[in-house]
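Heads up, the thing below is written out as structure tokens.
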Amino acid sequence: MENQVLVEISARHVHVSQQDLETLFGKGYELTVKKMLSQPGQFACEERVKVIGAKSEFPAVSILGPVRPETQVELSLTDARSIGVTAPVRESGDLEGTGTCKLVGPAGEVEISKGVIAAKRHIHATPADAEKMGLENGQIVSVEIPTANGRSLTFGDVVVRVSENYALAMHIDTDEANAAGMAPNTMATVIK
């Protein structure tokens, strides 16, 4: 069917800078691949860190690799409220004025002064995928997620991100997936 996209659920996770990785795990430390993810070159790691907020903590949050220029913690809004952190809805990498928390690893801890976000729902697409679907980088679309349980939902404010380094998929967080009662391998329809 035309304008169909696989919807993937992005659970809470952390991206770390090399400097913070070494503070958390030790000098010269390198991430260990647990499994490759759908986006080319991206992987879930064996390593986990404690994420501490003002009210509570998550004891073992997955790190996603490879390392990034800046450390970033991605939580659902429910996650953020439950541990007492601010997590504005932002695109990945847009970290100015975002929330703070403490990360604890086996070798040390890091207080991040910014970087806690609830990721803006988005579609990754290659230039060829975008052209085929009539989409442009930065375009805001709606996406209809059908479910068999009476909770079908149309999400607005979905940003399209186009790059040769992507594979076609939509990413939503656990709150959004639960709101739609979404099952794994759900295909959704992009509405322009």
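Worth knowing before you read on, the calculation uses all heavy atoms, side chains too, and leaves out hydrogens, waters and symmetry mates.
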Exercise. Could you please spell out the steps behind the salt bridge (Lys or Arg N to Asp or Glu O under 4.0 Å) verdict for Lys27 and Glu22?
Key: CA-CA 5 Å; Lys27 187 84 173 133; Glu22 291 186 13; 3.6 Å; yes

Quiz item: Taking it one step at a time, do Ser62 and Glu47 satisfy side chain to side chain contact (heavy atoms under 4.5 Å, CB included)?
Solution: CA-CA 6 Å; Ser62 292; Glu47 293 78 12; over 6 Å; no

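Applying the salt bridge (charged side-chain N to carboxylate O under 4.0 Å, His left out) test to every pair with at least one member in residues 103-113, sequence neighbours left out, gives these pairs: Lys102-Glu109, Lys102-Glu111.
One distance of note links OG1 of Thr174 with CG of Leu77; it measures 9.5 Å at 0.5 Å rounding.
The backbone N or O of Val16 sits nowhere less than 3.5 Å from a side-chain atom of Asp20 that would complete a donor-acceptor pair. Of the possible polar contacts, one joining the Arg121 side chain to the Gly156 backbone as a donor-acceptor pair under 3.5 Å is found. Arg151 places no side-chain N or O within donor-acceptor distance of the main-chain N or O of Ala180, the cut-off being under 3.5 Å. Under the 3.5 Å distance criterion, the side-chain polar atoms of Ser152 are left unmatched by any main-chain donor or acceptor of Ala148. Side-chain atoms of Gln72 come within 3.5 Å of backbone atoms of Gly93 as a donor-acceptor pair (strictly under, hydrogens ignored). With Asn3 contributing its side chain and Thr189 its backbone, the two residues share no donor-acceptor pair below 3.5 Å. In this structure a side-chain-to-backbone donor-acceptor pair under 3.5 Å is present from Gln39 to Ala167. A donor-acceptor pair under 3.5 Å is absent between the side-chain atoms of His124 and the main chain of His122, judged by distance alone. In this structure, the side chain of Lys192 does not engage the main chain of Ile140 through any donor-acceptor pair within 3.5 Å. With hydrogens and angles disregarded, a donor-acceptor distance shorter than 3.5 Å links the side chain of Thr98 to the backbone of Gly115.
Partners of Glu96 by side chain to side chain donor-acceptor pair (under 3.5 Å), not counting sequence neighbours, listed by chain and number: Lys114. Not counting sequence neighbours, Glu131 has no partner by the side chain to side chain donor-acceptor pair (under 3.5 Å) test. Legend: residues meeting side-chain contact (heavy atoms from CB on, under 4.5 Å) with Pro127, ordered by chain and number and at least two apart, are Val162, Glu164. Listed by chain and residue number, Asp175 satisfy the side chain to side chain donor-acceptor pair (under 3.5 Å) test with Thr78 (two or more places apart in sequence, or in another chain). For Arg90, the salt bridge (charged side-chain N to carboxylate O under 4.0 Å, His left out) partners two or more places apart in sequence, or in a different chain, are Asp94.
A salt bridge is absent between Arg12 and Glu74; no separation between the charged side-chain nitrogens and carboxylate oxygens falls under 4.0 Å.
Between Ser76 and Asp173, the closest heavy-atom pair is CA-OD2, 3.7 Å.
Here the side chains of Met170 and Val143 are in contact, with some heavy-atom distance below 4.5 Å. Two residues are said to be in side-chain contact when any heavy atoms from C-beta on lie closer than 4.5 Å; Thr71 and Leu103 meet this criterion.
Following chains of ILVMFWY side-chain contacts shorter than 4.5 Å, one cannot reach Ile52 starting from Val110, and the two form parts of different hydrophobic clusters. There is a path of hydrophobic side-chain contacts, each under 4.5 Å, that joins Val116 to Leu21.
The environment of Asn149 atom CG is dense: over 12 non-hydrogen atoms of other residues, nucleotides or ligands sit within 6.0 angstrom.
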